[in-house]
Amino acid sequence: MKDRKGNLQVNNSISGQKEKFEPIHQGRIGMYVCGPTLYSEPHMGNMRTFINFDMIYRYLVHLGYQVKYVRNITDAGHITNSAGEAVDSIGKAAKLEQVQSLEIVYKYNVKFQDLQRTYNMLTPSIEPTATQHIQEQIEIIEKIIENGYAYEVNGSVYFDVRKFSEKFHYGILSGRKIDELEEETRSLNAQDEKRFFADFALWKKANPDDMQIWRSPWGDGNPGWHIECTAMSTKYLGDHFDIHGGGMDLKFPHHEDEIAQSCGSFGCNPAKYWLHANMLNVNGQKMSKSFGNYFLPMEIVEGTTELFSKPYSPDVIRFCMMQAHYRSTLDLTEDSLNAAEKGYTRLSDAIALLPKLKTGNESSFAVNELVDSFYQAMDDDFNAPMLIANLFEAVRRINLVNDGNDTITANDLDLLSNEMMGFVGGVLGLKTGISNGDSKLAPVMDLILDIRQKARENKDWTTSDLIRDGLAAAGIVVKDSKEGTSWS
RNA sequence: GGUCUCGUGGCCGAGAGGCUUAGGCAACGGUCUGCAAAACCGUGUACAGCGGUUCGAAUCCGCUCGAGACCUCCA
């Protein structure tokens with residue numbers, strides 16, 4: 001198999017442009033993606049981001065890279081708002097549900113793991129949790145203080161953005177300029193401990209009603225929101241790794257502050273390439289409880305959301321998502337899901353046909369070029385929609401061969417089969433429905449179709465249609481062709 | 001208010017200065033079929049509006065209108 005590495009281009013949010021992808025260490029890639037915060041069940045929008053990075057991970061692996069994929073789990077609520085007040089969202093959820101923080105985290109972690117399986121996401125190499133890395137976070141904070149980019153006030157530690165800006169570029173990722181920011185942000189209030197409005201907390205002194213408290217050199221408290229990612233990415237991938245990903249909405253302040261923390265402690269931007277996945281809209285608007293278009297990933301699969309009139313399989317949802325580029329917003333509607341369902345059926349029907357195709361002495365079309373087009377699409381900043389368009393060209397060819405209007409050699413068929421399965425199953429992460437044969441249903445179906453065939457030979461259309469309609473009601477589609485009758 | 005993204009045919013969505021009228025779904029006409037379905041062939045409707053740059057723009061620039069993101073928790 002030829003080496004396909006080396007043609008990949010990725011859109012780097014730092015430069016805002018497509019760049020040739022060259023790993024820091026040849027053949028190996030370190031990738032960090034900001035994972036879920038476990039104070040509630042992840043919603044469909046969260047899932048889109050994770051599914052997109054799952055696709056990116058899958059393609060890198062498909063290319064033959066050895067990828068270390070780290071996706072963290074935020075299990076500590078330690079968020080501060082602009083006024084510097086601690087907002088312990090996990091603690092808040094715990095109080096609402098009358099359970100301990102740990103239970104909340106555990107409960108939603110189990111759900112998240114279920115969702116990963118349901119949506120066929122590969123398990124990352126490591127899923128570290130924030131609470132298991134408090135010590136590492138403290139050590140990085142100490143280092144930033146040592147370097148002069150942070151200061152302690154009354155048991156809390158803040159990042160000194162002005163001092164940092166003397167040597168580094170704060171705003172390199174988000175494009176924000178701190179003097180412009182100032183005018184637009186509410187001014188420091190009297191009790192604020194920060195020296196400068198843009199300073200952000202690395203460590204917050206504990207409130208009496210915090211449910212999770214840790215000891216530190218500065219007293220009992222909680223780590224700031226951004227420091228956990230710096231601690232964990234550094235621990236598992238080093239000071240400088242290849243890809244850092246996350247949702248578009250994390251660009252500022254989260255990722256910007258991560259960069260500041262890394263520069264402030266190790267002197268460099270932690271990641272060579274920053275990738276950001278775009279948001280999911282539902283019925284034309286950002287998914288939000290107040291818009292009434294909010295639903296959970298299991299509700300759409302189980303058909304328990306009012307938003308859609310029927311359930312959709314995880315594969316159809318994934319397929320629908322893959323038809324949009326990861327950097328574009330995607331609008332999920334009943335129509336788009338129905339279209340995806342039909343399209344996905346067409347694709348998987350063709351794949352199921354692959355093992356049954358007759359081969360010939362020559363191929364009437366350029367299989368190599370077709371396969372190359374799969375790679376070209378994905379090499380262009382993971383253009384999955386383009387890949388799918390090219391896969392449908394292959395679908396057309398497969399059907400033509402099946403109908404005897406195109407020919408393919410055994411070698412070419414082998415190549416096409418492997419690559420189709422590799423891209424559809426391996427890269428897009430879609431389950432392909434070719435397992436009919438080994439189920440207990442198969443012999444029963446053979447029997448039923450045999451009976452129907454007899455009826456058809458006797459021109460007993462009433463019986464044959466009764467069977468066909470009955471199977472359709474059970475979700476089984478019967479297809480008649482010259483070669484015989486098949487079902488799926 | 002500031003920073004930024006986007007506005008493509010009935011729908012979802014690629015593309016990006018001059019062959020790609022991408023692709024999927026839907027529609028229409030055929031082939032096939034006992035009738036369907038599936039498959040195949042063919043057809044139609046596009047690039048928000050206005051102005052500019054250019055030999056030439058859906059693709060570049062400006063403005064207008066509209067949608068959205070971030071600036072405050074957010075994938």
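The figures here come from the full heavy-atom set of this structure, side chains too, leaving out hydrogens, waters and symmetry mates. Computed from a predicted model, the values in this text were never measured in an experiment. Throughout, protein chains are lettered first and strands after them, A, B, ... in sequence-line order, and every chain is numbered starting at 1.
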For Leu330(A), answer base if it contacts any base atom (sugar-phosphate contacts may also be present), sugar-phosphate if it contacts only those atoms, and nothing otherwise; contact means non-hydrogen atoms under 4.0 Å.
sugar-phosphate
Heavy atoms only, 4.0 Å cut-off, all strands: where does Lys342(A) land among base, sugar-phosphate and nothing?
sugar-phosphate
Ranking G15(B), G34(B), A38(B) by distance to the side chain of Arg452(A), first place goes to G34(B)
For the side chain of Asp480(A) and the base of A36(B), is some donor closer than 3.5 Å to an acceptor across the two?
yes
Hits for salt bridge (Lys or Arg N to Asp or Glu O under 4.0 Å) against Asp460(A), two or more places apart or cross-chain, chain-then-number order -> none
Among the nucleotides A14(B), C74(B), C40(B), whichever has the atom closest to the side chain of Asp249(A) is C74(B)
Inter-nucleotide C1' distance (G30(B), G66(B)), Å rounded:
42 Å
Between Tyr294(A) and His43(A), does the ring centroid distance fall short of 6.0 Å?
yes
Could you work out the separation of C65(B) and U72(B) based on their C1' atoms and round it to a whole Å?
29 Å
Could you tell me the separation between the CD1 atom of Ile388(A) and the P atom of C12(B), rounded to a whole number of Å?
17 Å
Just wondering, do Phe50(A) and A75(B) stack (centres under 5.5 Å, planes under 30°)?
no
Leu250(A) or Thr329(A), whichever maps to the more 5' nucleotide of RNA chain B:
Thr329(A)
C19(B) and G13(B), which share atom name C1', separated by this distance in whole Å
23 Å
Regarding Arg117(A) and Asp114(A), does a basic nitrogen lie under 4.0 Å from an acidic carboxylate oxygen?
yes
Rounded to whole Å, the CG-P distance (Leu38(A) to A75(B)) equals 10 Å
Nearest listed nucleotide, side chain of His325(A), among G13(B), C40(B), A14(B)
A14(B)
If only side-chain N and O atoms of Arg396(A) are considered, is one of them under 4.0 Å from the OP1 or OP2 phosphate oxygen of C41(B)?
yes
is_close_aromatic(Phe50(A), Tyr119(A)), centroid dist under 6.0 Å:
no
Base, sugar-phosphate, or nothing: which does Ala277(A) touch, judged by heavy atoms less than 4.0 Å apart?
nothing
Candidates C11(B), A26(B), C70(B) - which lies nearest the side chain of Asp335(A)
C11(B)
Checking C25(B), C12(B), G15(B) against the side chain of Asn383(A) (C-beta onward), the nearest is G15(B)
Would you tell me whether Thr230(A) and Glu258(A) have side-chain atoms, one donor and one acceptor, within less than 3.5 Å of each other?
no
Distance in angstrom units between Asn338(A) CG and C11(B) P, rounded
16 Å
Can you tell me how far C1' of A22(B) sits from CG of Asn390(A), to the nearest Å?
8 Å
When you compare U3(B) with C25(B), how far apart are their P atoms, in angstrom units rounded to a whole number?
44 Å
Under 4.0 Å between a side-chain N/O of Asn399(A) and OP1 or OP2 of A39(B), yes or no?
no
Compare the minimum distances between each of G24(B), C71(B), C12(B) and the side chain of Thr333(A), then state the nucleotide with the smallest one.
C12(B)
Choosing from C12(B), A75(B), G34(B), which nucleotide comes nearest the side chain of Ser336(A)?
C12(B)
When Trp203(A), Phe252(A), Phe200(A), Tyr158(A) are each screened for ring-ring contact (aromatic ring centres under 6.0 Å, His included) with His226(A), the one that passes is Phe200(A)
Indicate the ring-plane relationship of His255(A) and Trp274(A), choosing parallel, tilted or perpendicular according to the 30° and 60° boundaries.
tilted
Separation between the P atoms of C11(B) and C4(B), rounded to whole Å:
31 Å
Taking only the C1' atom of each, what is the distance from G10(B) to G2(B) in whole angstrom?
39 Å
Considering only heavy side-chain atoms of His43(A), the closest of C71(B), A75(B), A14(B) is A75(B)
Can you tell me how far P in C60(B) sits from the matching atom in G18(B), rounded to whole Å?
12 Å
For a quick test of reading the model: is some side-chain N or O of Asn46(A) closer than 4.0 Å to OP1 or OP2 of C74(B)?
no
If you only use heavy atoms from C-beta on, which nucleotide in A37(B), G34(B), A75(B) is closest to the side chain of Val477(A)?
A37(B)
How far does the C1' atom of C40(B) sit from the matching atom of U33(B), given to the nearest Å?
13 Å
Reckon Arg346(A) has a side-chain N or O less than 4.0 Å from the OP1 or OP2 of G24(B)?
yes
Below 4.5 Å, heavy atoms only, C-beta onward: do Ile300(A) and Leu337(A) meet side chain to side chain?
yes
Closest-nucleotide ordering on RNA chain B, the 5'-leading residue of Glu393(A) and Asn405(A):
Glu393(A)
Does Lys251(A) have a side-chain nitrogen or oxygen under 4.0 Å from the phosphate oxygens OP1 or OP2 of A69(B)?
no
Tell me if the side-chain of Arg468(A) makes a donor-acceptor pair with the base of C35(B), cut-off 3.5 Å, by modelled atom types.
yes
Using whole Å, report how far NE2 of His244(A) lies from P of A75(B).
13 Å
May I ask you to say what Gly246(A) touches in the nucleic acid, namely base, sugar-phosphate or nothing, with a heavy-atom cut-off under 4.0 Å?
sugar-phosphate
Between atom OH in Tyr119(A) and atom P in A75(B), what is the gap in whole Å?
17 Å
Check the phosphate of A36(B) against Trp461(A), side-chain N and O only, distance under 4.0 Å to OP1 or OP2. Yes or no?
no
Could you tell me the separation between the CZ atom of Arg327(A) and the C1' atom of A69(B), rounded to a whole number of Å?
14 Å
Taking atom P of A36(B) as reference, at what distance in whole Å does atom NZ of Lys479(A) sit?
18 Å
Asp349(A)/Lys479(A) ion pair, N-O < 4.0 Å
yes
Taking 4.0 Å as the cut-off, does a side-chain nitrogen or oxygen of Ser328(A) come that near to OP1 or OP2 on A14(B)?
yes
Heavy-atom distance under 4.5 Å between the side chains of Tyr59(A) and Leu8(A), does that happen here?
yes
Candidates C74(B), C12(B), G23(B) - which lies nearest the side chain of Phe392(A)
G23(B)
Where RNA chain B forms runs of at least three Watson-Crick or G-U pairs (i with j, i+1 with j-1, under 3.5 Å), the stems are B:1-7 with B:65-71, B:10-12 with B:23-25, B:27-31 with B:39-43, B:48-52 with B:60-64
Inspect the surroundings of NZ in Lys20(A) and state if more than 12 heavy atoms from other residues, nucleotides or ligands are less than 6.0 Å away.
yes
